[in-house]
Student: 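My structure is below; once you've seen it, I'll send some questions.
All residue numbers refer to positions in the sequence shown, counting from 1. Predicted model, so just to flag it, every value in this text is computed and none were measured.
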Amino acid sequence: SITLKHGAHRLGKRTDKQMQTWRNYGLGQFIHWGVYAIPGGHWEGKYYPGAAEWIRSWKEMPKEAYDNLYKQFNPEKFNARGWAKQAKEMGAKYVIITTKHHDGFCLWPSKYTDYTIAKSPYKKDIIGQLVDAYDAEGIDVYLYFSIIDWNHPGYRSSLKTEADRKEYEDFKTFTRNQLVELLERYPSTKGLWFDGSWDKAWIEQAEFADELGRELREMIPGLIIGSRFRADENGNRHFDTNGDMMGDYEQGWERKIPETIEDIHGNDWDCVMTIPENQWGYHSDWKGHVKTSNELIEMLVKSVSLDGNFVLNFGPDGEGNIRPEETKLAAEIGAWMDVNKEVVYGCGYLDWKKQDWGYYTVNRETGKKYMVVFNMPVSGALRVKVPDNTRPDKAYLLEQPESDITIEEIHRNEYFVHYKPMTPVKKPFVIVIETTESD
Ligand SMILES: C#C[C@@H]1N[C@@H](C)[C@@H](O)[C@H]1O
């Protein structure tokens, strides 16, 4: 490997307490909220086919009109405690909240720009209310921050002229000031989720970004920052020139999930997921496939089975309501988590061969092993292949510990767990499997 000044500063996973807490969350909630929720994917009767939070970039959206939407922003239905309670009931252990998306509108009263909630009819600090409400529910708060800021005069996607460079210096100072301001105002923040860091202009700021990351980490010891924040001095993002991840976990799984344990390269990672195909901010007219709770539970369990966290996105509307589709899914996921949360919290990858019926997870502390079944074979025989030194002794339904499920040895290291549900299976269910390990 080559010597880098601004590459990865740590090899391998962080082992400190804050990161262990992060690693054991399992399920998180993303909130995308801002003035884009007012148009909700439409403008003057026209339907915007893109992601609602990007509507300002739509050629049919007059920039002036968009940039004045904040003068109408007065979400009277906004109820931070209600959002936090719903997230608690869903089983989320952490929340990632958009402080400022690419449009640059700040949901906190930043003193570095007038384009903030303080200048809207609503006036009050939305981030502060959400931080307090989620803290009160015992849900850890992470702040989403977009480096891209279409509102700031010094923002550039690339630096073509000396004038660009001069302007961009002001933008860099502004960016640093806002981030310091956020951590000063909300010191209970456990981490920053950076986005909009793909511009050429930002990628050239390896030294500045590295120094800024150091400054922010000094402000809140243990602060967690993912791989999307900065590039190394050769313009490499997420993984530096030597292939080492920059940051505390890989932020590469946006609307997708790794297939195998090899895909995660031994790193911590999160998957951030939308309910429709690709809407983060509020779009009043979701088109195409809207995921069911069974699909989302499978994505959650698949993520945990591959040592990752699953973060489900909610996009509240312009009034401050969580929309009915999201409320319904939160309740369905919460009902499943009420019964099965122990296969998610504090769990991760079990090195048994993946089978078609579903996923294994194992509790990192207790070693308790779970078969989370999504696809019941018509035979009722769930195939299990175990490593050489492992013998399965007992299997029972998590929901009925007294149930005794037959384990049949097929041949060396391969078994059938025979289970025929009494009633048609409508939701994923869990079989606990107890084993004896021999040296
Ligand atoms: C592209 C892009 C952005 N990254 C997701 C997390 C959303 O914020 C989306 O607008």
Side-chain angles (χ1 to χ4, degrees), residues 24 26-27 91 257-264 271 291-310 332-438:
N24 287 329
L27 176 59
I257 298 175
E259 273 311 315
T260 67
I261 199 67
E262 288 73 28
D263 292 338
I264 71 168
C271 161
K291 297 172 190 73
T292 64
S293 53
N294 276 341
E295 285 179 79
L296 294 167
I297 291 164
E298 178 159 6
M299 292 180 174
L300 163 62
V301 172
K302 181 173 183 180
S303 297
V304 172
S305 78
L306 290 170
D307 272 346
N309 285 336
F310 183 72
E332 289 169 359
I333 293 166
W336 189 85
M337 287 292 281
D338 282 348
V339 173
N340 300 289
K341 55 178 166 278
E342 73 177 83
V343 311
V344 169
Y345 299 149
C347 287
Y349 172 68
L350 177 67
D351 62 348
W352 292 11
K353 187 169 173 9
K354 169 82 173 67
Q355 301 295 333
D356 293 344
W357 45 258
Y359 308 87
Y360 296 110
T361 71
V362 59
N363 183 288
R364 294 182 173 117
E365 211 111 321
T366 64
K368 192 168 177 182
K369 300 174 185 67
Y370 305 97
M371 299 167 63
V372 193
V373 182
F374 289 83
N375 315 303
M376 269 305 293
V378 288
S379 62
L382 301 164
R383 189 179 300 276
V384 172
K385 290 184 179 176
V386 298
D388 277 343
N389 62 345
T390 301
R391 190 188 70 243
D393 302 322
K394 188 172 184 305
Y396 59 89
L397 290 173
L398 178 65
E399 283 183 74
Q400 293 162 31
E402 70 294 343
S403 57
D404 188 4
I405 296 175
T406 308
I407 302 175
E408 175 199 0
E409 181 167 5
I410 305 169
H411 47 245
R412 188 174 144 73
N413 298 344
E414 193 161 345
Y415 300 81
F416 273 139
V417 172
H418 288 285
Y419 176 64
K420 272 232 186 251
M422 308 295 276
T423 54
V425 175
K426 289 199 172 61
K427 301 302 280 180
F429 67 93
V430 178
I431 293 173
V432 178
I433 187 156
E434 294 180 352
T435 60
T436 303
E437 265 71 27
S438 54

Student: List for me each residue that meets side chain to side chain contact (heavy atoms under 4.5 Å, CB included) alongside T366, sequence neighbours excluded, and say none if there are none.
Tutor: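 For T366 the side chain to side chain contact (heavy atoms under 4.5 Å, CB included) partners, ignoring immediate neighbours, are N363, K368.
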Student: Apply side-chain contact (heavy atoms from CB on, under 4.5 Å) to residues K427 and I297 and explain how you reach the verdict.
Tutor: CA-CA 9 Å; K427 301 302 280 180; I297 291 164; 4.3 Å; yes
Student: What closest approach, in Å, do I257 and C271 show between heavy atoms, and which atom pair accounts for it?
Tutor: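 I257 and C271 have their closest heavy atoms at CG1-SG, 3.7 Å.
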Student: Measure the shortest side-chain to side-chain distance between L398 and N340 over non-hydrogen atoms and say whether it is less than 4.5 angstrom.
Tutor: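 Counting from C-beta outward, L398 and N340 do come under 4.5 Å.
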Student: Would you indicate whether the side-chain heavy atoms of T435 and V386 approach each other to under 4.5 Å?
Tutor: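 No, their side chains stay 4.5 Å or more apart.
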Student: Are the side chains of P392 and K369 in contact, using a 4.5 Å heavy-atom criterion?
Tutor: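 Heavy-atom side-chain distance check fails, nothing below 4.5 Å.
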Student: Cation-pi check for Y360 against K354: NZ or CZ below 6.0 Å from the six-membered ring centre and within 45 degrees of the axis, yes or no?
Tutor: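 No, cation not above the ring by the 6.0 Å, 45° rule.
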Student: CD1/I261 to OG/S305 distance, rounded to the nearest 0.5 angstrom?
Tutor: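 Separation between the atoms: 7.5 Å.
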Student: Enumerate the residue pairs fulfilling salt bridge (Lys or Arg N to Asp or Glu O under 4.0 Å) with a member in residues 356-365, sequence neighbours excluded, ordered by first and then second residue.
Tutor: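 Salt bridge (Lys or Arg N to Asp or Glu O under 4.0 Å) check on residues 356-365 returns D307-R364.
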Student: Testing F374, Y419, Y370 one by one against F429 for a ring-ring contact (aromatic ring centres under 6.0 Å, His included), which residue passes?
Tutor: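 Testing each of F374, Y419, Y370 against F429, the sole residue satisfying ring-ring contact (aromatic ring centres under 6.0 Å, His included) is Y419.
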Student: I need the T292 OG1 to E332 CD distance, nearest 0.5 Å.
Tutor: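 It comes to 8.0 Å.
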Student: Does some side-chain heavy atom of I433 sit less than 4.5 Å from a side-chain heavy atom of Y415?
Tutor: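 Contact flag for Y415/I433 side chains = no.
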Student: With no hydrogens and no angle check, is any side-chain donor or acceptor of T361 less than 3.5 Å from a backbone partner on V304?
Tutor: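 No: the side chain of T361 does not pair with the backbone of V304.
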Student: Kindly state each residue pair satisfying salt bridge (Lys or Arg N to Asp or Glu O under 4.0 Å) with at least one member in residues 392-409, sequence neighbours excluded.
Tutor: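 Every pair satisfying salt bridge (Lys or Arg N to Asp or Glu O under 4.0 Å) with a residue in residues 392-409: R391-D393.
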Student: Do the non-hydrogen side-chain atoms of M371 and Q355 ever get within less than 4.5 Å of each other?
Tutor: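 Of all side-chain heavy-atom pairs linking Q355 with M371, none is under 4.5 Å.
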Student: R383 vs I410, test: side-chain contact (heavy atoms from CB on, under 4.5 Å). Steps then yes/no.
Tutor: CA-CA 9 Å; R383 189 179 300 276; I410 305 169; 3.7 Å; yes
Student: For the residue pair N309 and S303, establish whether any side-chain heavy-atom pair is separated by less than 4.5 Å.
Tutor: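 SC-SC contact between N309 and S303 ruled out.
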Student: Is the closest side-chain heavy-atom distance between M376 and W357 below 4.5 Å?
Tutor: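 Side-chain contact under 4.5 Å: no.
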Student: For residues L306 and I264, report the shortest heavy-atom separation together with the two atoms involved.
Tutor: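 The answer is O-CD1, 3.4 Å.
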Student: Answer yes or no: is there a side-chain heavy-atom contact under 4.5 Å between L296 and F310?
Tutor: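 The answer is yes, as the side chains (C-beta and beyond) meet within the 4.5 Å cut-off.
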Student: What pair of heavy atoms forms the shortest contact from A395 to I431, and how long is it?
Tutor: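 It is CB-CG2, 3.9 Å.
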Student: Which heavy-atom pair separates W352 from K385 by the least distance, and what is that distance?
Tutor: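 Heavy atoms only, the tightest pair is CB-O, 3.7 Å.
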Student: Please name the pair of heavy atoms, one in Y396 and one in P401, separated by the smallest distance, quoted to 0.1 Å.
Tutor: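 Answer, listing the atom of Y396 first, then P401: CD1-CA, 3.5 Å.
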Student: Please assess I407 against V384 for the test side-chain contact (heavy atoms from CB on, under 4.5 Å), listing each intermediate value before the final yes or no.
Tutor: CA-CA 9 Å; I407 302 175; V384 172; over 6 Å; no
Student: Quick check: closest heavy atoms across C347 and N24, and the distance to 0.1 Å?
Tutor: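 Looking at all heavy atoms of both residues, the shortest contact is N-OD1, 4.4 Å.
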